[in-house]
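Encoded as structure tokens, the structure appears first; notes follow it.
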Amino acid sequence: MAWGRSVPPLLLSLPFLKRSAHNMSAQAVRVRFAPSPTGPLHMGGVRTALYNYLFARKHQGSFVLRIEDTDQTRYVPGAEEYIQEALSWCGIAPDEGPQKGGDYGPYRQSERKHLYRQYADQLVEAGYAYYAFDTSEELEEMRSMAKKAGTPNWQYNHVTRGRMKNSLTLAASDTEKRINDGDPYVIRIKLPRNEEVKFYDIVRGWVRVNTNNMDDKVLFKGDGMPTYHLANIVDDHLMGITHVIRGEEWLPSAPLHIMLYRYLGWEESRPSMAHLPLLLKPDGNGKLSKRDGDRLGFPVFPLEWKTPANDEVFSGYREQGYLPEAFLNMLAFLGWNPGTEQEIFSKQELIDAFSLEKVNKAGARYDHDKTRWFNQQYLRQQPLPVLADQLRQEAQSQGYDLTEQKAQQMTELLLDRAVFPSDLLKEGQFLLEPPETYDEKTTRKKWNSQARQHIENLRERFAQLDAFEASLLEERFKTYLQEQETGFGKVGPGLRLALTGKGMGPSLFAIMAILGKPETLARLDKALEKLPAHG
RNA sequence: GGCCCCUUCGUCUAUCGGUUAGGACGCCAGGUUUUCAUCCUGGAAACAGGAGUUCGAUUCUCCUAGGGGCUGCCA
């Protein structure tokens, strides 16, 4: 088993496992990510896409994007574009999909509409499905009545279908008449009574469910579209999908899908299944949802999203300055672990290390601090010139003109205290313009007549220097301290305050070197002028 | 409620019957640094509970508890 959890040897004799094993060696891996375009893709969806992508790459297979838009009432403009853009930003764009094309298209289910009906008909003819004429209202009433009677989970199944309006209870002529008259109807699967459905899930092992606990799900809707259940089986089959890797929320309907493969006669080529653990919210209970981000102060979406209906804005990792590689690395580790102690993985390293067997079973709680840490790590790995160039552009957009050299110096100076690229400018603002105000607390504690005198003295000394570079400045500064028989703590804070207006920050000598002589002297003059001499 | 899935430090996780239960984030302490950040060193911190199988269970089985998902003519 290249990618099964350990399976008892005996079970290998089961026909479909043999088939699987055969599949794996002979058939090219094809996986799909199948979101429905009902809104932006959130990070849980991105992770599902990522695992599909990694699995495909690992096995030299194909990663397919399929848009599951069989519910026309839930269409949200821009959602599909968002999905594609999000995947591209993350660096996991599909090999086949609505944008890219491919040999198995079309890749939108709405454009595949004509394909599904024949399979629904096939099932009806084979006796595995039936027409049902019950209206939504009638079903609603059945459910609420059952609920009042103490049965919260009324099901349309082998017990109840005999009392409903369907082709099993109606005379054949009646059924035919209704259909010819254009009466609305759905097609439901006809599940057997008391039969065990079992399948092997790559991350969970054997899963078994009795058909008594399943219901006769609608396969084909009144509007002429298939439901997800039918469409996903038909498409996976037609598209040659070998492995279905999806979220755990699909686990309860997996047995139904198994039955569909069987009834459609496709059991021999059924894809393997892997149900991924869910992403949980950091606080409280439940899975991560789209509102958690704004509530807890982090994005849940890869890209910013503006709801078309009301212009509500949801923040995105991209816009907040996260690097896609960091985002991806973080996501990969939410529910998967290579078993080594390495945590920083390039995309290629993730591909090489990834396996579904190492995917965890339990849901993973999202930790924003860790995400920030990943970003910090990746930020430092960026080439200096690239960061400097970004800084320069950002500074420019805010009206500062930066030389390449100065941008580079600033980047070097500030990278250690940055988590986001934008921190470089934020933390280095004082290098671009003189302070307007001086930190109140530092002024009160460190700025006295003595400190003032030191600044005056230093100003004179610095004015004598020709080469304004850090090492020289430091040397002169220390010489001065020795002459004065005083310590760094008596002079340094005042100097920093005068130069930057702040009580803390990077090396003073590097700061002065970057500012240059005229600016340094000007700032010292300004501070001497503006700051009162107290104490 | 029913069905299914899950359960190791606060969080993400390693352990595929025998370990002082390891790492990372976060937290705390110390060191480096004029300060902040970085960096280095150290620390606190976990196998949900109970039975069983076994010479031996965090690891296998069962039960309990807790958590999660599903329970639509949504995906």
Side-chain angles (χ1 to χ4, degrees), chain A residues 5-6 34-38 68-71 73-74 109 132 134-136 139-140 143 147 150-156 184-188 201 203-205 207-210 212-215 217-223 225-229 231-232 246-255 275 277-278 280 282 285-287 330 333-344 357-358 360-374 376 380 414-419 423 427 442 446 477 481 487-496 502-509:
Chain A
R5 272 191 198 278
S6 55
S36 91
T38 54
E68 309 234 320
D69 55 351
T70 51
D71 186 356
T73 64
R74 296 216 306 162
Q109 289 185 329
D134 320 273
T135 65
S136 301
L139 291 171
E140 190 62 40
R143 290 199 180 91
K147 200 165 188 173
T151 316
N153 60 327
W154 182 84
Q155 294 191 138
Y156 205 119
Y185 65 89
V186 301
I187 296 176
R188 287 180 182 273
D201 185 289
V203 338
R204 279 151 215 289
V207 175
R208 51 197 90 211
V209 180
N210 191 293
N212 287 350
N213 295 316
M214 299 167 61
D215 61 351
K217 284 266 182 278
V218 171
L219 302 177
F220 204 82
K221 301 188 277 186
D223 66 0
M225 285 291 256
T227 60
Y228 166 82
H229 301 297
N232 119 82
R246 76 238 287 195
E248 191 188 347
E249 69 268 30
W250 295 110
L251 197 50
S253 54
H275 288 91
L278 263 19
L280 273 21
N285 314 316
K287 61 175 174 176
M330 175 278 293
F333 270 74
L334 238 36
W336 170 84
N337 186 293
T340 65
E341 295 193 343
Q342 183 184 348
E343 297 224 52
I344 303 293
E357 292 72 42
K358 286 205 161 289
N360 269 81
K361 293 196 244 282
R365 213 160 235 135
Y366 174 71
D367 180 359
H368 192 54
D369 281 331
K370 190 110 184 204
T371 307
R372 287 176 53 90
W373 177 79
F374 270 114
Q376 187 184 40
R380 290 180 193 184
L414 298 162
L415 192 55
D416 274 349
R417 56 208 80 209
V419 173
D423 288 342
E427 297 294 318
T442 310
K446 301 288 183 183
F477 184 83
L481 290 183
F488 214 128
K490 297 284 185 202
V491 188
L495 182 57
R496 178 183 303 285
K502 294 169 184 291
M504 60 186 83
S507 161
L508 281 169
F509 313 108

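In what follows, every chain begins at residue 1, and chains take the letters A, B, ... in the order their sequences are listed.
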(message) If you assign each of A:Gly492 and A:Gln109 to its closest nucleotide in RNA chain B, which residue comes earlier from the 5' end?
(response) A:Gly492
(request) Decide yes or no, distance alone: a donor-acceptor N/O pair under 3.5 angstrom between the base of B:G1 and the side-chain of A:Asn153. (result) yes
(message) Go nucleotide by nucleotide along RNA chain B from the 5' end; which of A:Pro493 and A:Thr227 gets its closest nucleotide reached first?
(response) A:Pro493
(message) Is it the case that the side chain of A:Arg204 and the backbone of A:His275 share a donor-acceptor pair, with hydrogens and angles ignored and the cut-off at 3.5 Å?
(response) yes
(message) In this structure, how many angstroms lie between the P atom of B:G68 and the CG atom of A:Leu251, rounded?
(response) 17 Å
(request) Under 4.0 Å between any heavy atoms, over every strand shown, what does A:Val218 touch: base, sugar-phosphate, or nothing? Just pick one. (result) sugar-phosphate
(message) Has A:Arg496 got a side-chain atom pairing as donor or acceptor with A:Pro506's backbone, closer than 3.5 angstrom?
(response) yes
(message) Stacking between B:U34 and A:Phe488, yes or no? Criterion: centroid separation under 5.5 angstrom, plane angle under 30 degrees.
(response) yes
(request) Return yes if some donor-acceptor pair links the side-chain N/O of A:Glu248 with the main-chain N/O of A:Trp250 below 3.5 Å, else return no. (result) no
(request) For B:A75, take OP1 and OP2 only and decide whether either is under 4.0 Å from a side-chain N or O of A:Arg74. (result) no
(message) Closest approach to the side chain of A:Ala362, judged atom by atom: which nucleotide of B:C73, B:C4, B:C6 is it?
(response) B:C6
(request) Examine distances only and state if a side-chain atom of A:Asn360 and a backbone atom of A:Ala362 form a donor-acceptor pair shorter than 3.5 Å. (result) no
(message) Does A:Arg365 contact B:C12 through a side-chain donor or acceptor facing the base, at a distance under 3.5 Å?
(response) no
(message) Distance check needed: B:C5 P versus A:Asn210 CG, whole Å only.
(response) 13 Å
(message) Does a side-chain N or O of A:Lys221 approach OP1 or OP2 of B:C74 to a distance below 4.0 Å, or not?
(response) yes
(request) Check whether any side-chain N or O of A:Lys287 sits under 4.0 Å from OP1 or OP2 of B:C70, and answer yes or no. (result) yes
(message) Can you list everything that forms a side-chain hydrogen bond (donor to acceptor under 3.5 Å, both in side chains) with A:Thr73? Sequence neighbours excluded, please.
(response) A:Asp71
(request) State which of B:C12, B:C73, B:A75 makes the closest approach to the side chain of A:Leu139. (result) B:C73
(request) Pick the C1' atom in B:U59 and in B:A21, then give their distance to the nearest Å. (result) 11 Å
(request) Can you tell me the distance, in whole Å, between the CZ atom of A:Arg496 and the P atom of B:U33? (result) 15 Å
(message) Let's test this: given Watson-Crick or G-U wobble pairing with both distances under 3.5 Å, identify the partner of B:A29.
(response) B:U41
